[in-house]
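Owing to the predicted nature of the structure, the values given are computational and were not obtained by experimental measurement. When a ligand or atom number is given, it counts from 1 through the structure's own listing order.
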Amino acid sequence: MKRTCMTIINKAALVIFLSILFAKGYAQEEYKDPKNRSFVETFEGGLFHEVVKYPNIKFKKHPKNIILLIGDGMGISQVFAGMTANKGQLNLENFKHCGYSRTQSADNYVTDSAAGGTALACGVKTNNGAVGVDERGVPVENIRERAASKGMKTGVVTSALVNHATPAVFLAHRANRNMYEEIALDIVNSNVDVAIGGGRTHFENRKDGLNLSDSLAHKGVKVTYNIDQFEAVNQGRVVGLFANMHVEHYPERGHMLPRATAHAINLLKEDKDGFFLMVEASKIDAGGHQNKTPFITKEMLDFDQVIGAALEFAAKEKNTLVIVTADHETGGMCNTDGNFETGEVKAQYVYGKHTGDPVPVFAFGPKAEWFTGFMENTDIAEMLKALINKNY
Ligand code: MG
Ligand code: ZN
C-alpha cells in the first residue's frame, strides 16, 4: 500500500515536472527575448537637432501652397526611431491631423516606390515599376502638372537621383522606373521650375549622345552641381544635379536636403497663384533594405529637419498645407529598445524588402482635417488635386 502510494506520488511528480519543462520550452519558443536575437541593429545616438513648436496657429481657410514630403520606406517604427534618437522629440509632432495610407499597388499586395509614388502623384493604382502611367500603360496627369496648369510654380527635391522612381512620378510618364535616360528626357521637357537631386550621368553621359544639361541651358534653365550653386540662384527655373548617381548619405552630404527644401520654397513662393513642392527623403528606404538601424535613423533625423524647414514657412504664412507620408514601409522594422537621453535605438527587422503595412499620414495647415483616418494612397492625390482645383 505504502509502495503503491509512493509510485502514484512519483508519477504525479514526474508529470508535473515534465509539464513545467514543456511549458517552459514552449514559452521560450513563443516569447523569445528580442534582446538575445542576433540581428538586433543598434544606432548609438549622439546626433541631435533642435525642434521648434508651433502651437495654436490660426490658419487661413484654404491652402494657397502645397508641400508634400515623402519619406521613402518610412513606417511608424522609422518615425519613432528618429524620435527616440532626437531625445524623444521631432518637428513632426507639430502635426495634429494624422491618418493611415493603404499602399497596395494594382498588381501586388506589397508596392514598390514607382507604383506607390504614382498613386500619390497621379491618384491611380498601377503595377509595380510603372512611372506616372496606369495599369494599361496610359499616362495619367500628376498633381504637379495639374498645379502648373493652374499657374502655380512647382518643384521636386530628392536625396535620390532626380530621375529615380519617387521624383520621377511627378515629372515623367514611363512604363518602367529603370528607363532612367528616358525619364531624364521627360524632366527636360517638363515645365518644372525647380528639380534637385542626383543622376547627372543620365543627363550628360547618355547612349543617345545628347547632353541634357546643354538642352536645359538652351531652354533658359540654370543647371547647378551643388547646394551652394543652387542657393546662389535667386530667380528663374533651375535644375540641380548634385551627384553622378545618388547623393551621399546623411550626415556625409551635410544639410543638403533641408537647405534645398528651404531654398526651393524661397524660389517658388513668389508666385501669386501659389506653389506645389514635393520633397523626398529617399534613403530611409535604402536603410530599411539593409536592415541598418543607424542608416535609417540618421536619414529620419535629416528628414525631420526637412519637415522643420517646411513648417517654418507654413507656420509663418498660414496658407500652406504640409503633408508628410510614405510610399510604403521597408524592412518590417520594429524598435525593441531605446534611450531618450543618449539617443540610442535598437531595432529588428522581418527581412530586407518592402512590407504591405499602412504608412502614417501627417497634415499641417489649411484643410489638414481632410487627411485623417484610413485612406488609400490614391485618396491623398485626389484630395490634393481637389485643393489645387479649389474644389473645397
Ligand atoms: Mg524613392
Ligand atoms: Zn525600396
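- Tested against V131, the residues H173, H164, R177 include a single side chain to side chain contact (heavy atoms under 4.5 Å, CB included) partner, R177.
- V247 has its side chain within reach of M256: a pair of non-hydrogen atoms, C-beta onward, lies under 4.5 Å apart.
- Taking OH from Y180 and NE2 from H202, the interatomic distance works out to 7.0 Å, rounded to the nearest 0.5 Å.
- Rounding to the nearest 0.5 angstrom, the gap separating the CD1 atom in I67 from the CG atom in L321 is 9.0 Å.
- At least one side-chain heavy atom of L161 sits under 4.5 Å from a side-chain heavy atom of M245.
- Near the Zn ion (ligand 2), less than 2.8 Å away, sit the protein N, O or S atoms D285 OD1, D285 OD2, H289 NE2, H354 NE2.
- Below the 2.8 Å limit, the Mg ion (ligand 1) has as protein N, O or S neighbours D72 OD2, T166 OG1, E280 OE2.
- Partner of L171 under the side chain to side chain contact (heavy atoms under 4.5 Å, CB included) criterion, chosen from D186, N163, I183, V156: V156.
- A donor-acceptor pair under 3.5 Å links the side-chain atoms of H354 to the main chain of T111, judged by distance alone.
- Considering H263, K222, Q229 as possible partners of V238, the one that fulfils the side chain to side chain contact (heavy atoms under 4.5 Å, CB included) test is K222.
- Looking at R206, its side chain does come within 3.5 Å of a backbone N or O of E181 through a donor-acceptor pair.
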